Amino acid sequence: MAHAAARCPSGRGSGDGETGKPRKVALITGITGQVHGIVRRSSSFNTGRIEHLYKNPQAHIEGNMKLHYGDLTDSTCLVKIINEVKPTEIYNLGAQSHVKISFDLAEYTADVDGVGTLRLLDAVKTCGLIGSVRFYQASTSELYGKVQETPQKETTPFYPRSPYGAAKLYAYWIVVNFREAYNLFAVNGILFNHESPRRGANFVTRKISRSVAKIYLGQLECFSLGNLDAKRDWGHAKDYVEAMWLMLQSDEPEDFVIATGEVHSVREFVEKSFLHIGKTIVWEGKDEHEVGRCKESGRVHVRVDLKYYRPTEVDFLQGDCTKAKQKLNWKPRVGFDELVREMVDADVELMRTNPNA
């Protein structure tokens, strides 16, 4: 998990000195995640997923991006950074965001994902920026957990099924509270699963694309997964980042569900990934004894391991983004098949040049 702060124009509509309009400054926690820092100090390098920004003269050399060491568990550093940067927009993307790991690191997850959001909001208040900052909170479809209706929309009751979901539930409501109590422009983006080649290697989609790439290159024979029948609404991170930005450009602060409305299983993600490299997966057996065998070669490439199951599973998530389409004029552009192909292609290229990546 990493946090980050970036001093940069936030994108379309940013002002500059030539026009006399105020310059927008975005502060982003979690910049070393999928999205383009407050960077959590680590004894190992943790900026690999923003390496491309260092090579971009517009982002780095011209001083439009500045990284700050900080942590969502440290109130003092958050106040210091916010007071120094004086952002006009804050995107709180920092979190311990792995659902399965949250069962093992429940207290830490609550501290970062739940109370960390409060610390950031309190820092804004302490610095006297309530009236000038717009705050985006990365909320999650995991709030719905044991779903109470399908598809899930902004008014669907929450029923989280993990320490991660429970921590994010606190964060959701404390954002609403600051909006109503202090008139802060604060919004929750309830984003369903959003993937990209920058997804962390221990998330299921990236684990699949990395493993399939290694099998294609002859670097791996077989890999293991958990619940093959879990169904998710998967979109592309770059589409969802646009939705995040749009929420902070609105006239009024509102919470939005961001999703594609399409549902696919982990099993289908596996099949599509292998098809892209010319392999057809045939499933044999049941439950933990199920395997995925290559029809062409007869080799077993996929196995099921119970250690990857969650203590409480979330079986089905499907979002309804009608409100975002109507009020933000937003819609997803990248489809499921294109997403799978992009992730597999990126990992084939990565593993070809660096098999140990």
Side-chain angles (χ1 to χ4, degrees), residues 1-2 32-34 42 44-52 96-104 193-232 234-237 264-310 313 334-357:
M1 190 272 300
T32 53
Q34 289 191 85
S42 172
S44 59
F45 290 109
N46 62 352
T47 55
R49 281 181 274 175
I50 59 169
E51 194 67 34
H52 62 294
Q96 190 302 101
S97 58
H98 196 289
V99 178
K100 177 65 167 65
I101 290 173
S102 78
F103 286 95
D104 300 317
N193 294 64
H194 41 291
E195 316 297 322
S196 81
R198 296 192 185 99
R199 182 57 122 165
N202 60 349
F203 287 80
V204 67
T205 51
R206 186 75 195 289
K207 182 177 181 180
I208 293 168
S209 64
R210 283 169 57 90
S211 299
V212 169
K214 283 178 173 286
I215 289 170
Y216 175 70
L217 295 171
Q219 300 169 1
L220 185 71
E221 176 82 14
C222 183
F223 64 101
S224 298
L225 295 170
N227 184 4
L228 294 170
D229 294 315
K231 294 180 174 64
R232 293 291 183 270
W234 276 303
H236 198 295
H264 302 274
S265 65
V266 173
R267 185 187 303 274
E268 187 177 350
F269 202 105
V270 171
E271 293 168 352
K272 295 273 188 182
S273 298
F274 274 107
L275 275 176
H276 188 53
I277 63 165
K279 289 178 175 285
T280 306
I281 293 296
V282 177
W283 301 100
E284 303 172 358
K286 289 185 177 181
D287 301 324
E288 68 267 30
H289 303 296
E290 187 170 12
V291 298
R293 189 183 300 276
C294 175
K295 181 179 179 181
E296 291 76 17
S297 69
R299 294 177 178 173
V300 171
H301 288 318
V302 186
R303 296 186 184 276
V304 172
D305 192 327
L306 293 179
K307 75 178 181 181
Y308 295 119
Y309 277 72
R310 303 176 186 177
E313 283 285 340
V334 180
F336 179 72
D337 289 0
E338 184 182 346
L339 172 63
V340 172
R341 289 194 301 269
E342 180 184 336
M343 292 183 68
V344 172
D345 285 343
D347 276 325
V348 167
E349 185 61 29
L350 175 65
M351 300 306 167
R352 181 178 279 130
T353 56
N354 185 7
N356 296 319

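Just so it is clear, the structure is predicted and the values come from calculations on it, not from any experiment.
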Using a 6.0 Å cut-off, check whether atom OH of Tyr216 has over 12 heavy atoms from anything other than its own residue. no

Work out which heavy atom in Ser297 is nearest to a heavy atom in Lys279; give both atom names and the distance. OG-NZ, 4.2 Å

Where does the angle between the aromatic ring planes of Phe269 and Trp234 fall among parallel (under 30°), tilted (30 to 60°) and perpendicular (over 60°)? perpendicular

Exam field: side chain Arg293 to backbone Val282, donor-acceptor pair closer than 3.5 Å: no

Let's go through Val266 and Ile208 carefully: what are the C-alpha distance in whole Å and the side-chain angles of both, what is the deciding distance for side-chain contact (heavy atoms from CB on, under 4.5 Å) to 0.1 Å, and is it a yes or a no? CA-CA 9 Å; Val266 173; Ile208 293 168; 4.1 Å; yes

Less than 4.0 Å between a side-chain N and a carboxylate O, is that true for Glu195 and Arg199? yes

As a quick check of understanding, evaluate ring pair (Phe, Tyr, Trp, His ring centres under 6.0 Å) for His301 and Phe274, giving each step before the final call. CA-CA 10 Å; His301 288 318; Phe274 274 107; 5.6 Å; yes

Under a 3.5 Å cutoff, is there a donor and acceptor pairing between the side chains of Ser102 and Gln96? no

Phe223 and Arg210: CA distance, side-chain angles, deciding distance, side-chain contact (heavy atoms from CB on, under 4.5 Å) verdict: CA-CA 10 Å; Phe223 64 101; Arg210 283 169 57 90; over 6 Å; no

Does Asn227 reach the main-chain N or O of Asp229 with its side chain, forming a donor-acceptor pair under 3.5 Å? yes

In terms of heavy-atom contacts, Cys222 and Arg303 come closest through SG-CG, 3.6 Å

Leu225 side chain reached by Val270 side chain, heavy atoms, under 4.5 Å: yes

Does Arg267 make a cation-pi contact with Trp283, if we ask for NZ or CZ under 6.0 Å from the ring centre and within 45° of the axis? yes

Please evaluate residues Ser211 and Leu220 with respect to the criterion side-chain contact (heavy atoms from CB on, under 4.5 Å), reporting the C-alpha separation (whole Å), side-chain torsions for both, the decisive distance (0.1 Å), and the verdict. CA-CA 7 Å; Ser211 299; Leu220 185 71; 3.9 Å; yes

So is Lys207 actually on top of Tyr308's ring, under 6.0 Å and inside 45° of the axis? yes

Under 3.5 Å side-chain donor-acceptor pair for Asp345 and His276: yes

For Asn193 and Arg232 the tightest heavy-atom approach is OD1-CD, 3.5 Å

For His236 and Glu342, which I'm curious about, is there any donor-acceptor pair between the side chains at under 3.5 Å? yes

Are Val291 and Val302 side-chain neighbours, meaning at least one heavy-atom pair lies under 4.5 Å? no

Answer yes when Lys214 and Asp347 have at least one side-chain N-carboxylate O distance shorter than 4.0 Å, and no when they do not. no

Is there a side-chain contact between Arg341 and Met343, using heavy atoms and a 4.5 Å cut-off? no

Grab the two heavy atoms, one from Ile281 and one from Gly292, that are nearest each other, plus how far apart they are. CG2-CA, 3.7 Å

From CD1 (Ile277) to OG (Ser209), nearest 0.5 Å: 11.5 Å

Glu288 with Lys307: basic N within carboxylate O range, under 4.0 Å: no

Considering non-hydrogen atoms only, spot the tightest contact between Glu268 and His264 and give its length. OE2-ND1, 2.9 Å

Which is it for Val304 and Leu228 under the side-chain contact (heavy atoms from CB on, under 4.5 Å) test, yes or no, and what are the steps along the way? CA-CA 8 Å; Val304 172; Leu228 294 170; 3.6 Å; yes

What is the minimum heavy-atom distance between Ile215 and Glu221, and which atoms define it? CD1-O, 3.9 Å

